[in-house]
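Structure, as structure tokens:
First the proteins, then the strands, lettered A, B, ... as listed; each starts at 1.
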Protein chains: 4
Amino acid sequence: MNRHDLILHAARTCMIEKGFHNASIKNIAACANVSTGLIYRYFENKESIIEALVRDIVNNMKSHLDDKPARDENQPLDIFQRSDFFADLQDNIFMLMDIASAATRNTRYKKLVAEAHNALQDDIVRREKQQHPAMNESIFRTRHYVTTLLLDGVIVQCGRKGYVVDDELRQMINAIVNKLLHAK
Amino acid sequence: MNRHDLILHAARTCMIEKGFHNASIKNIAACANVSTGLIYRYFENKESIIEALVRDIVNNMKSHLDDKPARDENQPLDIFQRSDFFADLQDNIFMLMDIASAATRNTRYKKLVAEAHNALQDDIVRREKQQHPAMNESIFRTRHYVTTLLLDGVIVQCGRKGYVVDDELRQMINAIVNKLLHAK
Amino acid sequence: MNRHDLILHAARTCMIEKGFHNASIKNIAACANVSTGLIYRYFENKESIIEALVRDIVNNMKSHLDDKPARDENQPLDIFQRSDFFADLQDNIFMLMDIASAATRNTRYKKLVAEAHNALQDDIVRREKQQHPAMNESIFRTRHYVTTLLLDGVIVQCGRKGYVVDDELRQMINAIVNKLLHAK
Amino acid sequence: MNRHDLILHAARTCMIEKGFHNASIKNIAACANVSTGLIYRYFENKESIIEALVRDIVNNMKSHLDDKPARDENQPLDIFQRSDFFADLQDNIFMLMDIASAATRNTRYKKLVAEAHNALQDDIVRREKQQHPAMNESIFRTRHYVTTLLLDGVIVQCGRKGYVVDDELRQMINAIVNKLLHAK
DNA sequence: TATGAATGAGGTTTCATTCAT
DNA sequence: GATGAATGAAACCTCATTCAT
């Protein structure tokens, strides 16, 4: 791993562990086994690290989606079926909350997060359209929106209660999403 | 307004504006037009201010619920119908995100938020039970859970996109909730 | 007790309990059951309270000495024999240390403490002279000096070890002083 | 001098000059000609600085003792004979008083001072034993105790009177100690 | 390129002192 | 006289950032 990615990885680890505001540059440097000064050779400042982290998460999600096999409409949907995708999401729960929170105040983050979401949505809609050319695009968008809403809800709940997604929760969410999809 | 509430109000304003971590005691004092020292006459420390803020939000929600007229089962539900309730929620969105985020790292906050949620849930279940004595309690709990999930999702979305709840969003959420309720 | 003495008494209690620097005006006021503002009606500032306290201690010692029965030269001396005097001294140990310590830096305290010591010494020498008119004054002064030295040592030791003067310590000190006195 | 020792030296100077409670981190930093932040690179907190200072004093005393030539029993003892030892002690007088005073209220300091005293005592007893193998250990301990008592007394007196040890005081103390030692 | 010592602004909190009531 | 709310300077400590080596 090159220095840039090494630092980014360390930043991710620290922020997951300590939270956005408690992950100091020193922590990150120690975690990456480099000097504090070196951080500033690869990133302009702390904000830029967050920026890169968000970009990373988005790219990760996109690549997860790329791998995703086409869903069989007749089978019940399991939005957690790609276990590695959701494992990742769980890992990121705390960081995502922090970043979302930070984004409410920081224009740069906010723009970034919004762009990321739009990119993701476009990506999802595009591939759904390929599968179901006859369907109305607005339905895709709604689906995506609801799913996002629920996932965000789950994230917050997890953060709040401090537990990971267990089977009960997983089934409940799936039931809701399935009902929504088939009700259309 | 007495000094205690004045400071609390200022704290709320600052946190909404600048975020949890950037609302310094000095900021709050300046916003309340008092000296920094005075803050500590009314609150033990910064944590206590947050504590009071969360308690305030919870009590507010409870009193909103108390005012809520019995819902006519045959009419579609509008969870935003109490516009002042949601206006309040929107005001609190940023702060709630920050606090939820901070709660993932701070034991005291986490306990506080958990307590608040339990208190709210108990309150809701109790009043639903009064209205529908024959219904199974677990259904109430599920309903509450889903609603919470969605509301949390909405909060995050709002924070993320930086806009308030518009009509489109409102109708979409309502549609989902209504479908869920009648599917049961 | 008048307000002035009430406050002084409270100050003494607080300083014994919490130490010189940790006894705040608020503490003292609370202990005296008066408002903080009132303190400043009776004392110019915190320094003046110390000043008054030191004066008090000196006067107390003088009055203890006044009560002291003439010592029988043929009996071994017990410098702790006036148990109430030493009880008082023990009570004051911590405060005396603090004040002595503060006096090293504060001209006003230093002058005060020096004056107090001289006053006490003169008082002691005067009464010893009355008892033993033939003896050389320098002997009295030496005796007084040594006794003071030892008492101060005892005070520091007590402060250091955190215990009060026990029988063993008492006998040891007495043995030393007796030897000194009779060696002359 | 390395930064660590530079800061420690500055701390010592400040404490001697201003006293324990008035030697602020900022003062110390200014005195050492470094930034306040740097202090915390070398010491965990203010307490640690004191800790290091006390340790320094103890080590200094021990090394002074190591250099001390064996005393000729037939010659009168001069406990100030190692003039550099006592010069050092005088330098430390103010600080020692403050620390002793602070130790009465602070568990950590108290433990520190107690340990230091025990270490010194053990050191002294050990070397006396080497010189006089036949003598009872309790005699050494008593001697040490009395000497300590007197030294503490001298320290307090010096602090109180604000002067350094002059010849008169020196001779008086020596006379006392000699009498004590030979009376045994 | 890489280090980590150094900086200093800024955070929370305490407390002697003042002053309107 | 008496109160206690209010002030604000100053304490300790943290951390993003810079820079000599």
Side-chain angles (χ1 to χ4, degrees), chain A residues 2-4 6-7 18 21-30 32-50, chain B residues 2-4 6-7 18 20-30 32-49, chain C residues 2-4 6-7 18 21-30 32-50, chain D residues 2-4 6-7 18 20-30 32-49:
Chain A
N2 63 24
R3 287 284 224 248
H4 182 278
L6 183 68
I7 290 170
K18 297 159 178 285
H21 286 278
N22 295 88
S24 69
I25 294 288
K26 219 175 210 174
N27 287 152
I28 294 170
N33 244 315
V34 300
S35 67
T36 56
L38 197 65
I39 304 276
Y40 288 85
R41 206 158 262 290
Y42 291 96
F43 297 92
E44 198 195 330
N45 51 28
K46 208 182 172 184
E47 242 186 22
S48 311
I49 300 180
I50 312 296
Chain B
N2 63 26
R3 288 293 221 237
H4 181 276
L6 180 69
I7 290 170
K18 295 159 178 285
F20 179 78
H21 284 280
N22 296 89
S24 72
I25 294 288
K26 243 180 189 165
N27 284 152
I28 294 171
N33 243 312
V34 299
S35 65
T36 56
L38 196 64
I39 305 280
Y40 291 86
R41 171 167 289 277
Y42 293 97
F43 297 92
E44 203 193 326
N45 50 30
K46 206 183 173 184
E47 252 187 17
S48 309
I49 300 180
Chain C
N2 63 24
R3 288 285 224 247
H4 182 278
L6 183 67
I7 291 169
K18 296 160 180 282
H21 285 278
N22 296 87
S24 70
I25 294 289
K26 220 175 211 174
N27 287 152
I28 294 171
N33 244 314
V34 300
S35 65
T36 55
L38 197 65
I39 304 275
Y40 288 84
R41 207 156 263 293
Y42 291 96
F43 297 91
E44 198 195 329
N45 50 30
K46 207 180 172 186
E47 240 185 24
S48 310
I49 300 180
I50 312 296
Chain D
N2 63 24
R3 288 294 220 233
H4 180 278
L6 180 69
I7 291 170
K18 295 159 178 285
F20 178 78
H21 284 279
N22 296 87
S24 71
I25 294 288
K26 236 178 194 166
N27 285 151
I28 294 171
N33 242 314
V34 299
S35 65
T36 55
L38 197 64
I39 305 279
Y40 292 89
R41 171 167 288 278
Y42 294 96
F43 297 92
E44 201 193 327
N45 50 31
K46 206 182 171 185
E47 251 186 18
S48 310
I49 300 180

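Taking atom CD1 of residue C:I28 and atom C1' of nucleotide E:dT17, one finds them 13 Å apart after rounding to whole Å. Going from atom CG of B:N45 over to atom P of E:dT14 covers 8 Å, rounded to whole Å. At whole-Å resolution of the value, NE2 in A:H21 and C1' in E:dG11 are 14 Å apart. Remark: C1' of F:dG1 and CG of C:L6 are 15 Å apart, rounded to the nearest angstrom. Taking atom CD of B:E44 as the reference point, atom C1' of E:dT12 lies 13 Å away to the nearest angstrom.
Mapped onto DNA chain E by nearest heavy atom, C:N22 and B:N27 fall at different nucleotides, with B:N27 at the one closer to the 5' end. Positionally, the nearest nucleotide of DNA chain F for D:A23 lies more toward the 5' end than for the other of D:A23 and A:I25.
Between C:I39 and C:I7 the shortest heavy-atom distance is CD1-CG2, 3.8 Å. Residue B:Y40 comes nearest to B:I25 through the heavy atom pair OH-CG1, 3.6 Å, listed as atom of the first residue, atom of the second, then distance. The two atoms that bring C:A32 and C:L6 nearest to each other are O-CD2, 3.5 Å, heavy atoms only.
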Side chain to side chain contact (heavy atoms under 4.5 Å, CB included) evaluation trace for B:I28 with B:K18: CA-CA 10 Å; B:I28 294 171; B:K18 295 159 178 285; over 6 Å; no
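Distances were taken from every side-chain heavy atom of A:K46 (C-beta onward) to each of E:dT12, F:dA16, E:dT17; the shortest belongs to F:dA16. Of the listed nucleotides (F:dC13, E:dT18, F:dA16), F:dA16 has the atom at the smallest distance from the side chain of A:Y40.
Taken together, the paired segments of DNA chain E that extend over three or more consecutive Watson-Crick or G-U pairs, each closer than 3.5 Å at both contacts, are E:2-21 with F:2-21.
Without hydrogens or angle criteria, D:K46 side chain to D:A23 main chain gives a donor-acceptor distance under 3.5 Å.
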Under 3.5 Å, N/O pairs linking protein and nucleotides 5-7 of chain F:
unit_1	atom_1	unit_2	atom_2	d
F:dA5	OP2	B:R41	NH1	2.1
F:dA5	N7	B:R41	NH2	3.4
F:dA6	OP1	B:R3	NE	2.7
F:dA6	OP1	B:R3	NH2	3.1
F:dA6	OP2	B:Y42	OH	2.7
F:dT7	OP2	B:S35	N	2.8
F:dT7	OP2	B:S35	OG	3.1

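Interatomic distance, OG of B:S48 versus OH of B:Y42, reported as 15.5 Å (0.5 Å rounding). With rounding to the nearest 0.5 Å, the separation of CG in D:N33 from CG in D:L38 is 11.5 Å.
By the side-chain hydrogen bond (donor to acceptor under 3.5 Å, both in side chains) test, D:S35 is found to be paired with no residue, residues two or more places apart in sequence or in another chain being considered.
Side chains of B:N22 and B:N27 form no contact here, defined as non-hydrogen atoms less than 4.5 Å apart.
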